[in-house]
Number of protein chains: 2
Amino acid sequence: MTQRIFNFSAGPAVLPPEVLEEAREDILNLRGSGIGILEHSHRGKPFMEVRDETERLIRELGEIPEDYHVLFLQGGASMQFSMIPMNFLKAGATADYLVTGHWAKLAAKEAATLGTVHTACSSEDHNFNYIPKNCHISAHPAYAHYTSNNTIFGTQFKSLPNVPASVPLVCDASSDIFSRPIDVSKHALIYAGAQKNLGPAGVTVVIVRDELVKRGAPNLPTMLRYSTYAENQSLYNTGPTFAIYLVGRVCAWIMRNGGLEAMARKNEAKAAKLYNYLDSSKLFRGTAEKESRSLMNVTFVTGNPELDEKFIKEATRNGLDGLKGHRSVGGVRASIYNAFPSAGVDALVQLMRDFEAKHG
Amino acid sequence: MTQRIFNFSAGPAVLPPEVLEEAREDILNLRGSGIGILEHSHRGKPFMEVRDETERLIRELGEIPEDYHVLFLQGGASMQFSMIPMNFLKAGATADYLVTGHWAKLAAKEAATLGTVHTACSSEDHNFNYIPKNCHISAHPAYAHYTSNNTIFGTQFKSLPNVPASVPLVCDASSDIFSRPIDVSKHALIYAGAQKNLGPAGVTVVIVRDELVKRGAPNLPTMLRYSTYAENQSLYNTGPTFAIYLVGRVCAWIMRNGGLEAMARKNEAKAAKLYNYLDSSKLFRGTAEKESRSLMNVTFVTGNPELDEKFIKEATRNGLDGLKGHRSVGGVRASIYNAFPSAGVDALVQLMRDFEAKHG
């Protein structure tokens, strides 16, 4: 593993080295079965045990109530942007969207092609650099949708949005799921592409209340109904078996490392190192408002795009990869998900200090 | 690799050991990048090279004309069952389906929930044990859909179905893609879940004529339009990066081993061993009609379900796994895709001989 470098990619992102080692073994021979995990039938006992274990670990970590399904879908969060309104936004109804970033906006835009959308709040007025304190929920929305962490803009909800308990709350948790405790019972549906905190690209975890699934539109194409997955243990057809396996291995790693409370403490400590330095720096400044700062994606600039680029190049030369900010924010973005090592944050802060000494 | 056993699974299925070894290396460190294939950004240069190489190899192997896209989707063939009529079966039009098995029937059923379907032929009268010689294409169908290999029933089209050249021909090639040469130019769209001949579960390869993509319904949800994938190199959102990588490695393996002509010869030789023995056996008999026999899935029975089960158990004890036939046919199914070794076929034939000597 000595040749590996610090990978600050926003996703797909760094995975725990122990998990990679497990995957290497199981690719040849899954737990003594004589057949690798990639080659096992999705209907056979060895894979069914893997699937069940992944679900069990997700349930344990998330303290997921009995009346919720844990589903494994494909197509990423973008497919959920469509499936949610297709299933739950009936004709004549309105869905509320909290527009706090690029992906939140896309989710709302996709829903608006299928039904009526009400923007409950938006932070677009300041290039999404904050989480609005208030939102204005419409009279009887079909659901309210928010994005718990905004990967591009480096902001994150610190508590649940202020939505009446009677409104089904839907959360895109793609970039912070299982990075901290989450109160599933306050949500009707939580979804997350796995490729940031949970595993590889290619599987979307959906945690959904049974009562909501039952209310889904019945006449949709089979693969676009949540009920198809809920009624078939997500195995109506061949699912992404390896990705489901790997999510299980990552969840087992989270469990071994103390669960979601412990993840939250580690993530707070990692982010604090960066934000504390940013607040003391004369050269770098964070782009997100302080009270909205994400623990997952730390975005910052020097104010001089050429200097930003120089810094990113120097970082790459020093084995710190994936730091280029999204084009809509510019500057630098350090994605420091669960599996990102503290030593990598130290290395980044040190590099920033050195860079500031030279260019400050 | 010594503990690995012969895996006759219908899919996910056996992969070439060399490919598994490559994957093991690249999971830690993709080609010296210091970051594993599972962790690379889908927008970064290392993964883009992987993606481009996978597409290039598919194009070379399939001799795919310039005016076709090679797309990487998710959701398996089942998602294609819906996407195809959603995109191409306009109101008032009819789509023709050649119903030669379980999956073909499901594809037709799914289309029938979205528009008008004409059954151009069916072999359901004999439990799908043959490929009909003739089909009756309707006046001006939007497209004609067939399933080139029927995994469950062990039948396979030996030549293209008899469909007028003016009708866009759509093929579900999930269980025999790249097991033999394929004339892409005669098709408007070919799709295949990767998990039999191409790689792992979790990616669907779609080869589609640009002119058809352009005719797709424009108002569908973003992730359900082929144009979204065609216009964005299949990277509108985060795709199944590892599965795309692995399809590339499998295609490179096919290339190293002589390409599709060589695959066809090997597959014919493997299947011939089994069929020749079946034709000489007094105990076992093939379930598919001779002229419709699949080179990928060899289905057979003793005629006595208890004896079938005894045989399958004995096979499992001898390191031959995954031989249980689908419940709708019963008996035994040996799936012998590209990567299935000839030695495994020899072992199966020997076991059948021994079993016949004991129980014949």
Side-chain angles (χ1 to χ4, degrees), chain A residues 1 3-5 7 9-15 17 20-21 23-24 27-29 32-36 38-42 44 47 73-79 81-83 86 110 113-114 193 195 199-203 219 221-224 236-243 246 319 321-322, chain B residues 1 3-5 7 9-15 17 20-21 23-24 27-29 32-36 38-42 44 47 73-79 81-83 86 110 113-114 193 195 199-203 219 221-224 236-243 246 319 321-322:
Chain A
M1 304 291 285
Q3 285 179 299
R4 282 171 55 89
I5 61 184
N7 177 10
S9 170
V14 63
L15 289 165
L20 298 181
E21 290 293 351
R24 280 163 52 87
I27 275 180
L28 279 191
N29 187 341
S33 64
I35 293 174
L38 294 160
E39 306 163 294
H40 265 290
S41 168
H42 58 302
F47 178 72
L73 275 71
Q74 296 183 69
S78 295
M79 186 65 92
F81 294 172
S82 297
M83 275 182 68
M86 288 174 96
E110 197 69 30
T113 68
L114 293 156
Q195 67 270 13
V203 65
N219 297 323
T222 306
M223 293 294 287
L224 299 173
Y236 169 78
N237 73 337
T238 314
T241 54
F242 180 69
L246 213 61
D321 198 74
Chain B
M1 304 290 287
Q3 285 179 299
R4 282 171 56 88
I5 61 182
N7 177 10
S9 170
V14 62
L15 289 165
L20 299 182
E21 290 294 351
R24 280 163 51 87
I27 275 180
L28 278 192
N29 186 342
S33 64
I35 293 173
L38 294 160
E39 307 163 294
H40 265 290
S41 167
H42 57 301
F47 178 74
L73 276 70
Q74 296 184 67
S78 296
M79 186 65 93
F81 295 172
S82 296
M83 276 182 69
M86 289 175 97
E110 197 70 30
T113 67
L114 293 156
Q195 66 271 13
V203 64
N219 297 324
T222 305
M223 293 294 288
L224 299 173
Y236 169 79
N237 73 336
T238 314
T241 55
F242 180 70
L246 212 62
D321 198 74

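Naming convention: chains lettered A, B, ... in sequence-line order (proteins, then strands); numbering from 1 in each chain.
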Selection from B:L246, B:D321, B:T238, B:L73 maximising heavy-atom pairs under 4.5 Å formed with chain A: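 Going by pairs under 4.5 Å, I would pick B:T238.
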Give the member of B:G75, B:P240, B:G202 that has the highest number of heavy-atom pairs under 4.5 Å with chain A.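 That would be B:G75.
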[X] [atom1] to [Y] [atom2] distance, which is reported to the nearest 0.5 Å:
{"X": "B:N237", "Y": "B:T222", "atom1": "CG", "atom2": "OG1", "value": "10.0 Å"}
{"X": "B:L38", "Y": "A:Q195", "atom1": "CG", "atom2": "CD", "value": "12.0 Å"}
{"X": "B:Q74", "Y": "B:M223", "atom1": "CD", "atom2": "CE", "value": "6.5 Å"}

As an exercise: rank [options] by heavy-atom pairs under 4.5 Å with chain B and give me the winner.
{"options": "A:S41, A:G319, A:A77", "value": "A:S41"}
{"options": "A:A13, A:G76, A:G11", "value": "A:A13"}
{"options": "A:A23, A:S82, A:G322", "value": "A:S82"}

Name the region of A:A243, side chain, backbone, both or neither, that has any atom closer than 4.5 Å to a heavy atom of chain B.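 The answer is neither part of A:A243.
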What I'd like to find out is whether the side chain of A:I5 reaches to under 4.5 Å of the side chain of B:I35, using heavy atoms alone.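 Of all side-chain heavy-atom pairs linking B:I35 with A:I5, at least one is under 4.5 Å.
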Which heavy atom of B:H40 sits nearest a heavy atom of B:S33, and at what distance?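 Reported closest heavy-atom pair: NE2-OG, 2.8 Å.
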Please name the pair of heavy atoms, one in B:P12 and one in B:A201, separated by the smallest distance, quoted to 0.1 Å.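 Closest pair (atom of B:P12, atom of B:A201, distance): CG-CB, 4.1 Å.
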Which atoms of [X] approach chain A - backbone, side chain, both or neither, heavy atom under 4.5 Å:
{"X": "B:H42", "result": "both"}
{"X": "B:Y236", "result": "side chain"}
{"X": "B:M86", "result": "side chain"}
{"X": "B:T113", "result": "neither"}

Is it true that A:S9 and B:E39 share a donor-acceptor pair across their side chains at a distance under 3.5 Å?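 No, A:S9 and B:E39 have no side-chain donor paired with an acceptor closer than 3.5 Å.
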